[in-house]
Trainee: 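Pasting a structure below so you can have a look.
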Amino acid sequence: MARRSASARLTARPSRLIRRPAATAIAATLALLASACAEQAPSGEPAAEPVKGGTLVVAISEDPELLNPAVTTSGAAHTASELLYNGLVGLNAQGEPQPELAESWQVDDDGARYTFQLRDDVTWHDGEPFTSNDVKFAFEEVLLKYHSRTQASLGEALAAIETPDEHTVVFTFDQPYGSLLQQLDVTEAPIVAKHVYQGGDPLEHPANTKPIGTGPFTLERYQPDAEIRFAANENYFKEDLPYLDTVVMRVIPDDANQVVALESGEVQWLWGVPGPDLERLRADGRFEFLETGVNPGGTNCIMTVTFNLDRPIFTDVDTRRAIAHALDRQQYLDRVQFGQGKVAEAPISSGISFAHAENLDDMPVHDPARAEQLLDAAGWVREGDGTRVANGVDGVKDGTPLAFDFLHYPNFADYGELFRAQLRAIGAEVELRPLESTVFVEKVFTERDFDTNVISYCNGTDPEIGVKRMYLSSNIGPVPFSNAAGYRNPEVDRLFDEARTTIGDDERKAAYQRLQEAIVADLPYVWLVETTSTRVFPKRCGGFSHSGHFAEAAYCGTS
Amino acid sequence: MSWGYAVRRIAQLIPTVAAILLASFLLIHLAPGDPVLALAGEHGDAEYYEFMRDKFGLDQPLHEQLLTYAGNVLTADFGVSYVRGRPVLDVVLERLPATLLLTGAALLLSTVAGLLAGVFTATRRSRVPDLTVSGVLLTLYAAPVFWLGQLAILALALGAGWFPVQGMSTAGSDATGLANAADVAHHLALPAIVLASQEIAAVGRLTRVGLRDELDSDHVRMARAKGLAEATVVVKYGLRRALAPVVTVIGGRVGHLVAGAVIVEVVFGWPGLGRLLVTSTQSRDVPIVLGIFLLVAVTVVVANVITDLCYAWLDPRVRYR
Amino acid sequence: MSATADVPFEPAAPGVGRRRGVLRGVLGTPSGLLGAALTGTLVVVAVFAPALAPYDPFAIDGPVLHPPSVAHPLGTDALGRDLYSGVLYGTRTSLVVAGTVGVLVLLIGALVGAVSGYAGRWADDVLMRLTEAFQVLPRFFLAIVVIAFFGPGIDRLVLVLGFTSWPMLARVVRAEVLSLKQREFIAAAKAHGASNVRVVVREILPNALPAAIALLGLVLAQVILIEASLGFIGLGDPNAMSWGYLANEAQRFLRVAWWLPLFPGLAILLAVLGLNLLGDALTDILGGRR
């Protein structure tokens with residue numbers, strides 16, 4: 001379940017100023033292998049020594065449909081295709097940029113000009129050399145047109161991409177752009193080949209199922225809905241990598257069946273474990289675990305309930321506050337997440353420690369009695385045990401029942417069940433509407449045809465990327481995973497600007513604190529739980545990283 | 001069987017197929033909103049809408065649209081899946097072999113096992129084994145397929161460990177040739193048995209009734225009186241005649257079998273059309289759903305005609321009704 | 001059932017005064033008795049579900065994934081909901097769907113069958129071709145198409161199943177009408193100047209319907225299976241507790257909670273078995289062999 005929380009996308013808005021000059025590594029040239037190793041073995045000691053060879057079988061939940069991560073942000077497509085490609089940079093477990101296709105880079109003009117020095121020893125899987133022309137083509141003709149996050153974040157900010165020579169690429173911006181290096185990894189900006197995609201429609205290109213990349217693995221065979229088989233790229237530019245000969249991704253739609261396959265030894269890697277099985281697997285003793293907030297679709301995700309503020313029944317903040325008080329968030333953690341994550345304490349994830357607010361007094365706690373008081377006062381009267389009806393609610397016709405719908409992905413059904421049960425207790429009637437992602441996005445962000453919903457909003461590593469998009473009044477529809485609530489507060493817009501330009505750790509934290517206090521006072525959303533997912537693999541395997549090239553340096557010993 | 005009957009029966013295909021086309025066409029136009037949204041999905045771009053509008057002639061008068069639609073469908077052109085961005089036919093054909101394997105195996109199994117069960121019960125009237133087998137058949141006939149599947153997984157795959165839990169082959173195995181076939185057969189066994197169970201019950205019950213009637217008939221009594229072995233009597237004199245209605249039931253249940261296959265594919269993670277249909281329905285990928293529906297509907301109709309012809313051939317008393 | 005190729009049926013002669021013995025006939029055989037008992041239980045449970053169920057089926061207040069116990073006779077699911085209450089309320093949904101579909105099927109089947117049998121000639125031809133076309137229509141798939149267009153919901157499910165499940169009934173009614181048409185009391189009624197409509201409604205249908213009603217049990221058993229199957233593949237109405245929904249939930253917890261798949265499926269089995277047995281028993285007595 002948490003695995004799919006990946007599907008909520010980051011749609012970063014361009015940031016106009018450099019916020020954290022310290023974070024932008026300036027002219028970083030690092031020893032490649034050292035950095036590659038540094039990001040491995042995130043869960044303490046490596047389980048075994050790296051060995052060459054062998055096969056890793058990975059369980060995936062759905063068929064990717066296409067193996068081109070540059071034209072989609074679908075979690076399924078990225079999970080299955082990132083091993084085939086590279087970004088200009090990689091990101092380590094701390095989110096810091098590492099050399100990849102670019103071996104070094106330089107940031108000038110306070111972040112308005114980035115010069116990347118590309119490796120000269122990279123070839124595509126078909127033997128053609130990789131050059132700066134590929135980078136320019138990939139951005140201009142593919143990523144900026146079809147990769148929705150890159151399009152939304154870089155699209156309007158980027159002034160030009162120049163290629164002074166075969167191994168140099170220069171990105172220039174009209175204004176300083178601080179978070180570029182966070183957006184160049186294989187998830188956000190995979191580089192595809194110009195000689196492959198030139199002159200065709202990238203969305204319907206045959207290469208989308210017969211991919212040519214630069215990544216650590218090449219495609220061997222793709223059987224839709226069944227199995228994808230990858231072979232080690234013998235000519236991979238990172239020396240000695242990958243260790244594995246073969247990676248097989250097996251489509252196993254059922255979470256429970258994935259666990260069975262792991263236990264029987266058929267599969268050696270699960271992206272997430274369904275809660276009820278976690279305890280048993282931990283007790284088993286044969287497996288290693290890697291709990292992480294990083295997913296192929298996004299990092300630091302918070303399960304968030306949205307109120308559609310355009311609906312008259314939610315105009316009154318007290319009604320929203322009443323609903324928030326009715327929600328017992330601990331139950332979402334216990335009964336839906338089975339403890340994987342923590343109850344959300346602020347609008348910004350605790351994973352972004354420099355911005356996460358602590359001790360927000362107005363953050364509503366579970367208090368059904370208070371909820372009922374607020375509703376009574378707001379004019380929602382209750383007769384007996386039934387559904388409340390309006391009697392003197394502003395903008396709502398008297399006699400209207402307090403009933404609304406709740407849109408959710410089918411795999412978030414349990415959130416809906418809990419939501420409905422907890423609200424029924426205070427006299428509100430909820431109708432669940434499960435919708436697959438494509439339809440969900442259409443209803444919520446384009447048509448705005450919903451009352452409430454639940455979205456896994458991934459905050460990313462910086463509020464600029466995954467938080468601001470939820471609140472800015474300029475960011476309401478139709479972009480997917482933008483400001484779903486339709487929240488408009490000029491003060492909050494201003495506070496985002498202020499927080500971004502504040503220098504100094506304490507001052508910045510204080511600015512984000514004020515921002516979150518203002519948001520919590522308005523409650524356009526209710527933040528339920530910060531979710532993590534738990535990867536599992538047998539103890540004989542190791543070397544995995546959280547996401548992206550998760551198997552680039554992985555290995556499996558015998559035994 | 002007269003040729004006239006065959007021709008008439010085949011000619012009857014035309015109104016049936018036309019009715020199916022008409023039904024799906026009407027649904028497209030009954031669906032809320034612009035029909036192009038139903039056909040192209042709600043998230044195409046303007047260009048794609050224009051293309052689909054043109055392709056299905058949506059700016060034409062309704063009766064011409066119907067003709068265009070029929071033309072597209074009859075040439076197996078179901079449009080493009082908007083979730084996958086590929087022609088529906090390609091997507092469907094990729095998954096068809098797995099479903100054919102599953103349904104084919106189940107059809108074979110249910111015919112053989114159903115006949116055996118029918119003969120077994122018909123020849124042991126009012127005895128304990130007859131009652132037991134009849135009871136089991138009755139239960140199988142009433143049990144939902146997904147429940148049988150879940151129980152089979154619990155008992156035979158997870159419990160006894162005799163069968164794999166899901167999938168069509170062992171993940172990551174690079175077996176080829178015979179070893180691969182054995183692996184697939186091992187994975188196929190449980191889903192095929194589960195899918196066949198209800199058909200076994202149907203075939204078994206019918207064989208039993210038919211065979212009983214035959215065994216009570218005069219010519220069988222005569223055969224017995226001649227002192228022929230009971231097995232010979234049952235097979236030569238009883239079963240042959242009782243078989244005709246059974247054949248029609250087998251053919252007539254193709255629709256059931258395919259519907260059951262959808263469920264079984266979900267339960268066992270079998271990579272066929274069924275799972276494609278379910279996920280496409282959830283994401284409202286209408287071209288795929290319609291494509292599969294039309295494919296199944298036409299298959300069922302044709303299967304019915306074929307079995308009727310077989311029936312007429314087996315039992316010449318049948319006239320055109 | 002999508003089969004045209006059900007056993008061709010011979011209209012049985014309707015026995016005069018046969019209805020009097022129906023009850024005794026059904027309850028007189030072990031299978032008929034069982035069928036009647038199961039079906040009766042189904043109806044009682046559906047009607048009194050709120051009184052019988054110890055909890056609100058959607059209420060989330062029990063222990064998580066608890067095996068059957070005194071407090072929760074059939075155990076609880078992953079959210080802590082009481083499975084026993086869920087199964088009881090699921091009976092309601094199944095029966096509401098089956099009942100409404102049954103009414104539709106009976107109306108359409110009787111109308112088509114009566115007109116076809118009584119009018120004869122070209123009307124009979126046209127209607128029988130139509131009946132055959134509907135009979136081979138794969139209902140399960142048509143229901144999925146409708147859900148793909150309109151989204152899941154009980155109302156559209158009832159409509160699509162109702163409008164596609166009548167062919168078997170129409171054929172039985174037609175066969176009965178054909179045989180009744182020749183009978184003396186019809187001729188007598190006509191001789192007294194009764195109109196065609198009056199003859200059909202007052203004289204023929206009352207005698208033709210029992211056979212159709214007997215068949216209805218078998219049709220509704222299939223309807224319950226289809227409804228549950230759609231729920232199982234996640235295309236049911238999420239706002240109505242149903243057996244298929246419960247079975248769908250169970251699929252995720254097969255390994256850790258055997259009670260979750262076991263009981264909803266058992267409920268479906270008993271309901272379908274009951275309707276099948278009752279239908280068989282009624283058919284034996286009322287005629288209209290399948």
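Here is the naming used below: chain letters follow the sequence lines, and residue numbers restart at 1 for every chain.
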Trainee: Sort C/I144 into side chain, backbone, both or neither according to what part of it lies under 4.5 angstrom from a heavy atom of chain B.
Mentor: both
Trainee: Look at C/S31, C/G151, C/P264, C/G274 and state which one has the largest set of heavy-atom pairs under 4.5 Å with chain B.
Mentor: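 That would be C/G151.
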Trainee: Measure the CZ-CH2 distance between C/F263 and B/W147 for me, rounded to the nearest 0.5 Å.
Mentor: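 CH2 of B/W147 is found 10.0 Å from CZ of C/F263.
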Trainee: Write down the atom of B/P144, the atom of C/L269, and the distance for their closest heavy-atom approach.
Mentor: CD-N, 4.2 Å
Trainee: So what's closer than 4.5 Å to chain B heavy atoms on C/L266: side chain, backbone, both or neither?
Mentor: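 C/L266 touches chain B through backbone and side-chain heavy atoms alike.
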Trainee: Holding to side chain to side chain donor-acceptor pair (under 3.5 Å), I want the full list of residues that pass it with B/T99, two or more places apart in sequence or in another chain.
Mentor: B/E265
Trainee: Taking all non-hydrogen atoms of both residues into account, name the closest pair between C/L254 and B/I153 and its distance.
Mentor: CD1-CG2, 4.0 Å
Trainee: Measuring heavy-atom distances to chain B, does C/L262 have an atom under 4.5 Å in its side chain, in its backbone, in both, or in neither?
Mentor: both
Trainee: Evaluate the side-chain proximity of C/N276 to B/Y141: yes if any heavy-atom separation is below 4.5 Å, no if none is.
Mentor: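 Yes. Closest side-chain heavy atoms under 4.5 Å.
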Trainee: Closest approach of C/F141 and B/G255, non-hydrogen atoms and distance?
Mentor: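 Here C/F141 and B/G255 meet closest at CE1-O, 4.4 Å.
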Trainee: Working to the nearest 0.5 angstrom, can you tell me the gap between B/T16 OG1 and C/Q135 CD?
Mentor: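 One finds 11.0 Å between OG1 of B/T16 and CD of C/Q135.
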Trainee: Given that the side chain runs from C-beta out, which part of B/V145 has a heavy atom under 4.5 Å from chain C: side chain, backbone, both or neither?
Mentor: neither
Trainee: Please name the pair of heavy atoms, one in C/I233 and one in B/V278, separated by the smallest distance, quoted to 0.1 Å.
Mentor: O-CG1, 3.5 Å
Trainee: At a heavy-atom separation under 4.5 Å, does B/L138 approach chain C through its side chain, its backbone, both, or neither?
Mentor: both
Trainee: Could you look at B/L154 and say if it's the side chain, the backbone, both or neither that has a heavy atom under 4.5 Å from chain C?
Mentor: side chain
Trainee: Is any side-chain heavy atom of B/V289 closer than 4.5 Å to a side-chain heavy atom of C/I147?
Mentor: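 No, their side chains stay 4.5 Å or more apart.
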Trainee: Is there side-chain contact between B/S24 and C/V145, with heavy atoms separated by less than 4.5 Å?
Mentor: no
Trainee: Specify the closest pair of heavy atoms between C/A133 and B/A19, including all atoms of both residues, with the distance to one decimal.
Mentor: CB-CB, 4.2 Å
Trainee: Return the minimal non-hydrogen interatomic distance between C/Q251 and B/V266, and the atom names on each side.
Mentor: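 The pair with the smallest heavy-atom distance is NE2-O, 4.4 Å.
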Trainee: Give every residue pair that meets the ring-ring contact (aromatic ring centres under 6.0 Å, His included) criterion with at least one member in residues 222-262 of chain C, sequence neighbours excluded.
Mentor: B/F146-C/F232
Trainee: Report which part of C/L277 has an atom under 4.5 Å of a heavy atom belonging to chain B: side chain, backbone, both, or neither.
Mentor: side chain
Trainee: Enter the distance from C/F149:CZ to B/T281:OG1 here, rounded to the nearest 0.5 Å.
Mentor: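 The OG1 atom of B/T281 is 10.5 Å from CZ of C/F149, to the nearest 0.5 Å.
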Trainee: Would a distance-only check, ignoring hydrogens and angles, find a side-chain to backbone donor-acceptor pair under 3.5 Å from B/Q150 to C/G265?
Mentor: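 Checking the backbone N and O of C/G265 against the side chain of B/Q150, no donor-acceptor pair under 3.5 Å is found.
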Trainee: Does any heavy atom of chain B fall under 4.5 Å from the side chain of C/L225, the backbone, both, or neither of them?
Mentor: side chain
Trainee: Please state whether the side chain, the backbone, both or neither of C/A221 comes within less than 4.5 Å of a heavy atom of chain B.
Mentor: neither
Trainee: Any idea which of B/L151, B/V267, B/I20 has the most non-hydrogen atom pairs under 4.5 angstrom with chain C?
Mentor: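 Counting heavy-atom pairs under 4.5 Å, the top option is B/V267.
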Trainee: Which of the residues B/V17, B/V262, B/L148 is involved in the greatest number of heavy-atom pairs with chain C at under 4.5 angstrom?
Mentor: B/V262
